[in-house]
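Following: one structure in structure tokens, then a few remarks.
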Amino acid sequence: LETQKLRGAVLVSACHTDLGDENEKASGYYNRPWEWSRISDNAGFLLQWHSLDDPFIPISEARHVAEHLGCEYIEHKKSSHFFTWDVFG
């Protein structure tokens, strides 16, 4: 979304660092600062979901993303990594 306009985006279990994972580091997504304002400007809307008990992405990562995007943020207590659709209910 830094270079592409969209009507909107839904972020689920979002992070902003490679979390120390070598495969994520190799992806190249995390090797430069995020352009938060460009992301916000290019999205018609942004909605983010995260769960306190996500086993992969710490809550601090999601809160950082939400804070920098200024998006609507919904925090679940027990939805893990949103593996099933029923957790969105």
Side-chain angles (χ1 to χ4, degrees):
L1 284 170
E2 291 174 340
T3 60
Q4 188 71 36
K5 288 191 178 272
L6 288 177
R7 290 185 186 236
V10 176
L11 309 174
V12 179
S13 299
C15 62
H16 68 99
T17 71
D18 63 27
L19 300 169
D21 183 280
E22 288 302 316
N23 289 324
E24 292 294 341
K25 185 176 183 177
S27 74
Y29 290 122
Y30 307 99
N31 62 0
R32 61 178 176 71
W34 291 89
E35 296 183 43
W36 302 111
S37 61
R38 290 188 70 183
I39 294 169
S40 293
D41 291 346
N42 284 336
F45 71 88
L46 288 167
L47 172 60
Q48 181 182 350
W49 274 308
H50 200 83
S51 184
L52 291 168
D53 66 342
D54 189 310
F56 307 112
I57 311 296
I59 196 69
S60 59
E61 290 277 322
R63 289 175 177 166
H64 180 92
V65 172
E67 178 183 331
H68 282 79
L69 291 177
C71 62
E72 182 177 351
Y73 176 65
I74 299 169
E75 199 168 271
H76 289 229
K77 290 182 181 176
K78 296 185 135 259
S79 295
S80 185
H81 198 62
F82 297 91
F83 291 115
T84 60
W85 283 107
D86 62 326
V87 299
F88 290 99

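Side chains are part of it too, since the values below use all heavy atoms of this structure and drop only hydrogens, waters and symmetry mates.
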- Message: With heavy-atom distances below 4.5 Å as the criterion, would you say the side chains of W36 and H16 are in contact?
- Response: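 Counting from C-beta outward, W36 and H16 do come under 4.5 Å.
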
Discussion item. Within the structure provided, determine whether P58 and L19 are in side-chain contact (heavy-atom separation under 4.5 Å).
Written reply: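 Yes, their side chains come closer than 4.5 Å.
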
Fill in: Stepwise side-chain contact (heavy atoms from CB on, under 4.5 Å) test for L47 and I74
CA-CA 8 Å; L47 172 60; I74 299 169; 3.8 Å; yes

Mind checking the [atom1]-[atom2] spacing from [X] to [Y]? Nearest 0.5 Å is all I need.
{"X": "D53", "Y": "K77", "atom1": "CG", "atom2": "NZ", "value": "11.5 Å"}
{"X": "F82", "Y": "I57", "atom1": "CZ", "atom2": "CD1", "value": "11.5 Å"}
{"X": "D41", "Y": "K5", "atom1": "CG", "atom2": "NZ", "value": "7.0 Å"}
{"X": "L1", "Y": "L11", "atom1": "CG", "atom2": "CG", "value": "8.0 Å"}
{"X": "T3", "Y": "N42", "atom1": "OG1", "atom2": "CG", "value": "7.5 Å"}
{"X": "D54", "Y": "H76", "atom1": "CG", "atom2": "NE2", "value": "11.5 Å"}

Review point. How far apart are the C-alpha atoms of F56 and E61, what are their side-chain angles, what is the distance that settles it, and do they pass the side-chain contact (heavy atoms from CB on, under 4.5 Å) test?
Key: CA-CA 10 Å; F56 307 112; E61 290 277 322; over 6 Å; no

ILVMFWY cluster, [X] and [Y] together (side-chain gap under 4.5 Å):
{"X": "W49", "Y": "V65", "result": "no"}
{"X": "F45", "Y": "Y73", "result": "no"}
{"X": "Y29", "Y": "L46", "result": "yes"}

Classify the ring geometry between F83 and H81 as parallel (under 30°), tilted (30 to 60°) or perpendicular (over 60°).
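Tilted.
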
For the backbone of E2 and the side chain of E35, can you confirm whether one donor and one acceptor N or O come within less than 3.5 Å of each other?
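No; judged by distance alone, with no hydrogens or angles, the pair does not exist.
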
Donor-acceptor under 3.5 Å (S40 side chain, S37 main chain):
no

Smallest heavy-atom separation, S79 atom then S51 atom, equals N-OG, 2.8 Å

Query - Minimum-distance pair of heavy atoms, taken over all atoms of C15 and W34 - result: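 Looks like O-CZ2, 4.4 Å.
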
Exercise. Out of E75, Q48, H68, H50, which residue meets the side chain to side chain donor-acceptor pair (under 3.5 Å) rule with R63?
Worked result: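 That would be E75; it is the only one of E75, Q48, H68, H50 passing the side chain to side chain donor-acceptor pair (under 3.5 Å) with R63.
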
